[in-house]
Protein chains: 2
Amino acid sequence: MDVLMDAQSKLVPEMMELMQQRYRLLKLVKMAGPIGRRPLGQMAGLSERETRTMMDMLRGQNLIHIAKDGASITTEGLSVLLALESSMDDWSGRTSIAKRLMEFLGIQSVKVVAGNCDTDIASKNLLGMEAAKQFSAEIGEGKVVAVTGGSTIASIPLHIEKFNGANNLLFIAARGGVGDDIGLQANVIAASFASACGGTYSTFYYPESLSEEAHEAFRKEPSVLKMLELYDTTDCVLHGVGDAQTMATMRNTPTEEQDMIHDNGAKGEAFGYYFDQDGNVVHRLRTIGIQTGHLMKIPLIISVAGGSSKAEAILAYMASAPKQTVLVTDEGAATEMLKILVNK
Amino acid sequence: MDVLMDAQSKLVPEMMELMQQRYRLLKLVKMAGPIGRRPLGQMAGLSERETRTMMDMLRGQNLIHIAKDGASITTEGLSVLLALESSMDDWSGRTSIAKRLMEFLGIQSVKVVAGNCDTDIASKNLLGMEAAKQFSAEIGEGKVVAVTGGSTIASIPLHIEKFNGANNLLFIAARGGVGDDIGLQANVIAASFASACGGTYSTFYYPESLSEEAHEAFRKEPSVLKMLELYDTTDCVLHGVGDAQTMATMRNTPTEEQDMIHDNGAKGEAFGYYFDQDGNVVHRLRTIGIQTGHLMKIPLIISVAGGSSKAEAILAYMASAPKQTVLVTDEGAATEMLKILVNK
DNA sequence: ATTAAAGGGACAAGTAACGTCCCTACGGTT
DNA sequence: AACCGTAGGGACGTTACTTGTCCCTTTAAT
């Protein structure tokens, strides 16, 4: 992964666009041979005047040579192109993938980190860092934040620091219920978020496999009512997305329920809901937590999931995800998603 | 060597300056802890308003955090700093060295490539590449180019390619006389330049150790007169710089002459002239070739020499070098030169 | 209470880029 | 020979952004 390019894009973001444009222009000049200013600008999607200023610049740097029959690339230009090729193509590849995905999914923004979480361990960290960055940047003060379980979300607080204007935050588990690995439970993760941000957290355990009557009774408990109220005032959700089959297996779902989930075409899972490829809810865990109805009213939703194996699951959830969603994913999942989308 | 940074500095030079400033600012914020806008600007050599705009930018990118007691760096800022550290320090180190050397030597420009030719073989190639680039960029059409011998100059044509607007060039040896290694003779090098550029070349051999009378007679030969005329109309000189002692030994100079050269304080050698540390000519080979008197009138002079062992020699020659000289050297020689200069 | 130093708001001025013209020089076609 | 399409390049008014400059509020230390 090109950490250098990414770092640069943070230090001098306004220049990256300029650089991309000039790089593209240089590449076009190389390919289109001696070419005039006007057709070149048209190819690059720039106005004639813009093209002209850029060409003047490139000529000033001896990267292109301008003759009567148009502009052609110089050897110096070629060497510059060569030196930047791999980095630029990688970096601008990821940014353009992100842009396309954002349009396809119709959500607020998409961030794509390098690598593939399925095979590359470093990508998991990048995913966590990027998610932490998005969260830190967007969250305000005194907000209620709901988090889900899973290793992806669990890695986020490791990359958050205290006192970055995110004070007085209250973290809660987006869904009751317990998992197997204590470290990946939503409640524990909420606690570590609170510790990382200097905020507070509120725990809540929901007994598994209650009977219908017990469930109804439980819903009237004061502690439950308090949680329900919190869910209503949640300002931000940080959640992962899972593969439906994998999640069902991991949760020790009864066989007949697993079959039902499978038969209904469930592909993705998020905060206890199972979605088919069109984004329809085909099943849900019977528990207290964030409801899909809540989501629309929540201003900040950060979905974090990576790895090409999760592409289908992410698409399934995103098919009905609210517009204000911010998706943080990796190259593996992003390219796979685009592959599926264009084949549709 | 950071080819990426160098390429970028050509594609978007205005970005590099901005980036350097922001990088420095970020580094200062990291070091000086929570610090205010005004002292920070003073440290960075920026006006208050500039500092402010930059800080707003850095805050917008979540690289610094601004509180009531001043600005401090965020973890994201730290990671950006870390990612850019090696490249930036290397690149901006070399550019600042080049700038300082340019001022100290009072010549047109100085290019510093990474490494040390004495120990690093790759640096020799970089030196050749950079020299080739400078030559290609500055030379026009139909010019007369004089080249000297030596392995450094010999490596340049390998990095030149045909048809970059450098047509109709005539290459000649800057000095008559033959060396030991046929591949490093000026005549052979002139031929390989011509081949690389698609130009022509003119050979000329000057018999060694002629008597005074023979020398005078020889100067009236038509072929010699033709060469002398060419030397008068030379448009560009590409030459190396050698250590006086080493050159004298390599040339099988008689012992008494070597002693004389040494006693006169000769440090550097270029196109047959020996220079002391103040740039005075203390000895010269009796041969046909470019004279120091010619140099002043030649618009493009490219001096190529690297390796810390040559620092003293380069300084000796540069002490009296014409202002239009372009020096291409390496980090090893450049830092050594600066060390000597500041100790003076 | 006072003072120094922090961030931040406001506004005029200066600059660089941009849109929009037009002109001239080739080279090939009719 | 005349014509037309395309090439680069010059000129100028407008605009948008940066920058310099001043002032205000807040906070912590004295």
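Naming: A, B, ... by sequence-line order, numbering from 1 per chain.
Rounding to whole angstrom units, CD1 of residue B:I66 and P of C:dG9 are separated by 11 Å. Residue A:H65 contributes atom NE2, which lies 12 Å from atom P of D:dG8 at whole-angstrom precision. Remark: C1' of D:dC17 and CE of A:M15 are 13 Å apart, rounded to the nearest angstrom. Protein atom CD of B:E17 is 16 Å distant from nucleotide atom P of D:dT18, rounded to whole Å. Between the P atom of C:dG7 and the CE atom of B:M57 lies a distance of 17 Å, rounded to the nearest Å. In this structure, A:R59 places its CZ atom 9 Å from C1' of D:dG8, rounding to the nearest Å. Between B:Q21 atom CD and D:dT18 atom P the separation is 14 Å, expressed in whole Å. Atom-to-atom, CG of B:D56 to C1' of C:dA6 comes out at 14 Å; the value is rounded to the nearest Å.
A side-chain donor-acceptor contact under 3.5 Å links A:T325 to the backbone of A:P322.
Contacts of A:A83 classified as side chain to side chain contact (heavy atoms under 4.5 Å, CB included), with partners at least two apart in sequence or in another chain: B:V3, B:A7. By the side chain to side chain contact (heavy atoms under 4.5 Å, CB included) test, A:R49 is found to be paired with A:S47, A:R52, A:T53, residues two or more places apart in sequence or in another chain being considered. For B:Q20, the side chain to side chain contact (heavy atoms under 4.5 Å, CB included) partners at least two apart in sequence or on another chain are B:M88, B:W91, B:S92, B:T95. For the salt bridge (Lys or Arg N to Asp or Glu O under 4.0 Å) test, no residue two or more places apart in sequence or in another chain qualifies with A:D69.
Using a 4.0 Å heavy-atom cutoff across all strands shown, A:I35 reaches sugar-phosphate atoms only and no base atom. As judged by a 4.0 angstrom heavy-atom cut-off over every strand, B:P34 is placed among residues making no nucleic acid contact.
A side-chain hydrogen bond (donor to acceptor under 3.5 Å, both in side chains) check over residues 8-17 of chain B, counting only residues at least two apart or in different chains, returns the pairs A:Q8-B:Q8, A:R22-B:E14.
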Heteroatom pairs (N/O) under 3.5 angstrom, protein to nucleotides 15-21 of chain C:
residue	atom	partner	partner atom	Å
C:dC18	OP2	A:T53	OG1	3.2
C:dG19	OP2	A:S47	OG	2.5
C:dG19	O6	A:R49	NE	3.3

